[in-house]
Number of protein chains: 2
Amino acid sequence: MAMTRIGIVADTREATSGIPGLLRKGGIAVEMKRLDVGDYVIAQYAVERKTARDFITSLYTGRLFDQADRIAKSYKNFLLVVEGETQETLAGLKNPRVYWGTILALALNLDFKIFFTFDQEQTADLLYVLAKRVYRRRTATKPLLARKPRMGTTSDWQLAIVEGLPTIGPKLAERLLASLGSVRNIFRASRLELALMGRIGHARAKQIQELLDARYRRDISEQARLG
Amino acid sequence: MAMTRIGIVADTREATSGIPGLLRKGGIAVEMKRLDVGDYVIAQYAVERKTARDFITSLYTGRLFDQADRIAKSYKNFLLVVEGETQETLAGLKNPRVYWGTILALALNLDFKIFFTFDQEQTADLLYVLAKRVYRRRTATKPLLARKPRMGTTSDWQLAIVEGLPTIGPKLAERLLASLGSVRNIFRASRLELALMGRIGHARAKQIQELLDARYRRDISEQARLG
DNA sequence: ATAGCCGGGTGGTGA
DNA sequence: TCACCACCCGGCTAT
């Protein structure tokens, strides 16, 4: 099976920035291409890199918003990376509030994600992590779940597992285990047994029973990822 | 003037930060209140202010994500303001990529809006501009705290429960559920069934089986606590 | 809900 | 079968 290669497409003008080199050193395949929008493309993400000075001066020319508008229409996920000493440049401004207004407009109205890096190395790190994240198959946001016990005792594990059940917290988990004796007994119990012997309410028992018996099926997002 | 007063609600703990004073000097009405989450509330926006040092250190403790989880569930529009010299603190990190990974997770997965300010004055400027923006376009009055309901899907719960088992992570949880069909089938399975039908190794199967069948007893620390 | 590292489990290989 | 070993995977840890 052909492993999916972690890859980034970089605009040809970024060749001299040193960033493609840093990415390759991290084991990422970088393809140089002429991009019509953005400087880097990672799967569904487009990344525009701007130096702090360019960014600040472009606040006044309005050029930024022309680009921003075009970009927002083309890409659903757009990341703006501002690279360099923002504070220094910002300090020279007569009216700093213009800066915050622009940042807010980009973030709230156009839904841009803005990141601040100090130098090319940090920008490369950001792109590296983004690429890793994109290509890593990972289950989406999980329900609130008690963390696994760090090298804990048996009863820690037992409690953690039972607490994983919906609507079951530490108190109920303790009571269930004390009543039914083992994790297996709890997960084997019928709705009625949960309610009576486990001494929990009918609503909770029903909810738990339905989840235990639910037929597993990959959800949509994961199907898409697995092709 | 009978204009609608531009107002910000600030948490009482922010009283000593100097920011409410700066805002009032800018002609903004600041009301001090005990907020359950966040430090400032401006119409539908909740703002959490965090010092750079707190932000960086909280990457490791997980405290950040505990708060983030609560917040993301409660507010539709959430702004995170990181105040101070981020670079200095970031330079002390052994693995800077953790920082970028966290930033990306917050921005892309939780849809947080993250802003970086240098000091209280800049934070006040940011809040000032945000307040002006919000009240300039007085569209239909939105609820102060827009709820964002987001419940996990059934398969999320199933995976989370199975991942609670020792030595079982996302990959193996998926395999087990796909093979055995339901959570109950997994927890009902014998060691042999886990190994063969669940397609995991004998060592893991043994460890799981032993935990499932272990008789529950409070451990030492808890016994001591309960007297 | 991070990323990196490490120790141990798995399963395939060849003898 | 068995010993070996390369990869995969989950869990710990970081400041």
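Chain identifiers are assigned alphabetically (A, B, ...) following the order of the sequence lines, protein sequences preceding nucleic acid strands; residue numbering begins at 1 within each chain.
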* Asked: Which part of the nucleic acid, if any, lies within contact of B:Ile168, taking any heavy atom under 4.0 Å across all strands shown: a base, the sugar-phosphate backbone alone, or nothing?
  ->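 Here B:Ile168 touches the backbone only, sparing every base.
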* To do: Tell me what B:Leu106 touches on the nucleic acid: a base, only sugar-phosphate, or nothing, going by heavy atoms under 4.0 Å.
  => nothing
Do any N or O atoms of the protein come closer than 3.5 Å to N or O atoms of nucleotides 3-7 of chain C, and which pairs are they?
residue : atom : partner  : partner atom : Å
C:dA3   : OP2  : A:Arg136 : NH1          : 2.9
C:dA3   : OP2  : A:Arg136 : NH2          : 3.3
C:dG4   : OP1  : B:Arg97  : NH1          : 2.9

For the pair made of [atom1] in [X] and [atom2] in [N], what is the distance, rounded to whole Å?
X        : N      : atom1 : atom2 : result
B:Lys171 : D:dC7  : NZ    : C1'   : 13 Å
B:Leu159 : C:dA1  : CG    : C1'   : 15 Å
B:Ile103 : C:dA1  : CD1   : P     : 17 Å
A:Asp125 : C:dT2  : CG    : C1'   : 13 Å
B:Leu172 : C:dG11 : CG    : C1'   : 13 Å
B:Glu174 : D:dG10 : CD    : P     : 11 Å

* What residues form a side-chain contact (heavy atoms from CB on, under 4.5 Å) with A:Thr89, not counting sequence neighbours? -> A:Ala52, A:Arg53, A:Ile56
* Say whether B:Thr123 and B:Glu83, considering side chains only, have a donor N or O and an acceptor N or O under 3.5 Å apart. =>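 B:Glu83 and B:Thr123 do have a side-chain donor-acceptor pair below 3.5 Å.
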* Asked: Just checking, is any N or O donor in the side chain of B:Glu85 or A:Gln87 under 3.5 Å from an acceptor N or O on the other one?
  ->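 B:Glu85 vs A:Gln87: no donor-acceptor pair found between side chains.
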Looking at residues at least two apart in the chain, or sitting in another chain, which of them share a side-chain hydrogen bond (donor to acceptor under 3.5 Å, both in side chains) with [X]?
X        : result
A:Glu48  : none
B:Arg204 : none
B:Asp39  : none
A:Arg215 : none

* Quick one: list whatever passes salt bridge (charged side-chain N to carboxylate O under 4.0 Å, His left out) with B:Arg191, sequence neighbours left out. =>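 If we apply the salt bridge (charged side-chain N to carboxylate O under 4.0 Å, His left out) test to B:Arg191, skipping adjacent residues, there are no hits.
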* Of all pairs that satisfy salt bridge (charged side-chain N to carboxylate O under 4.0 Å, His left out), the ones with a partner from residues 99-112 of chain A, not counting sequence neighbours -> A:Asp111-A:Lys113, A:Asp111-B:Lys113
* Side chains of A:Leu79 and A:Phe112 in contact at under 4.5 Å (non-hydrogen atoms) ->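 The answer is no, as the side chains (C-beta and beyond) never meet within the 4.5 Å cut-off.
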* Asked: Reading DNA chain C 5' to 3', how would its secondary structure be written in dot-bracket notation, given Watson-Crick and G-U pairs with both distances under 3.5 Å, brackets [ ] for crossing pairs and | for partners on other strands?
  -> .||||||||||||||
* Parallel, tilted or perpendicular, as decided by the 30° and 60° cut-offs, for the rings of B:Tyr99 and B:Phe55 ->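 Perpendicular.
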* **Test ring pair (Phe, Tyr, Trp, His ring centres under 6.0 Å) applied to A:Phe116 - qualifying residues, sequence neighbours left out** => B:Phe116
* What residues in residues 79-94 of chain B put a non-hydrogen atom under 4.0 Å from any atom of DNA chain C? ->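 Under 4.0 Å from DNA chain C: no residue of residues 79-94 of chain B.
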* Going by heavy atoms closer than 4.0 Å, what residues in residues 198-211 of chain B are next to DNA chain C? ->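 Within this stretch, B:Gly201, B:His202, B:Ala203, B:Arg204 sit under 4.0 Å of the strand.
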* Asked: Does NZ or CZ of B:Arg97 come closer than 6.0 Å to the centre of the six-membered ring of A:Tyr128, within 45° of the ring's axis?
  ->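 Cation-pi check for B:Arg97 and A:Tyr128: passes.
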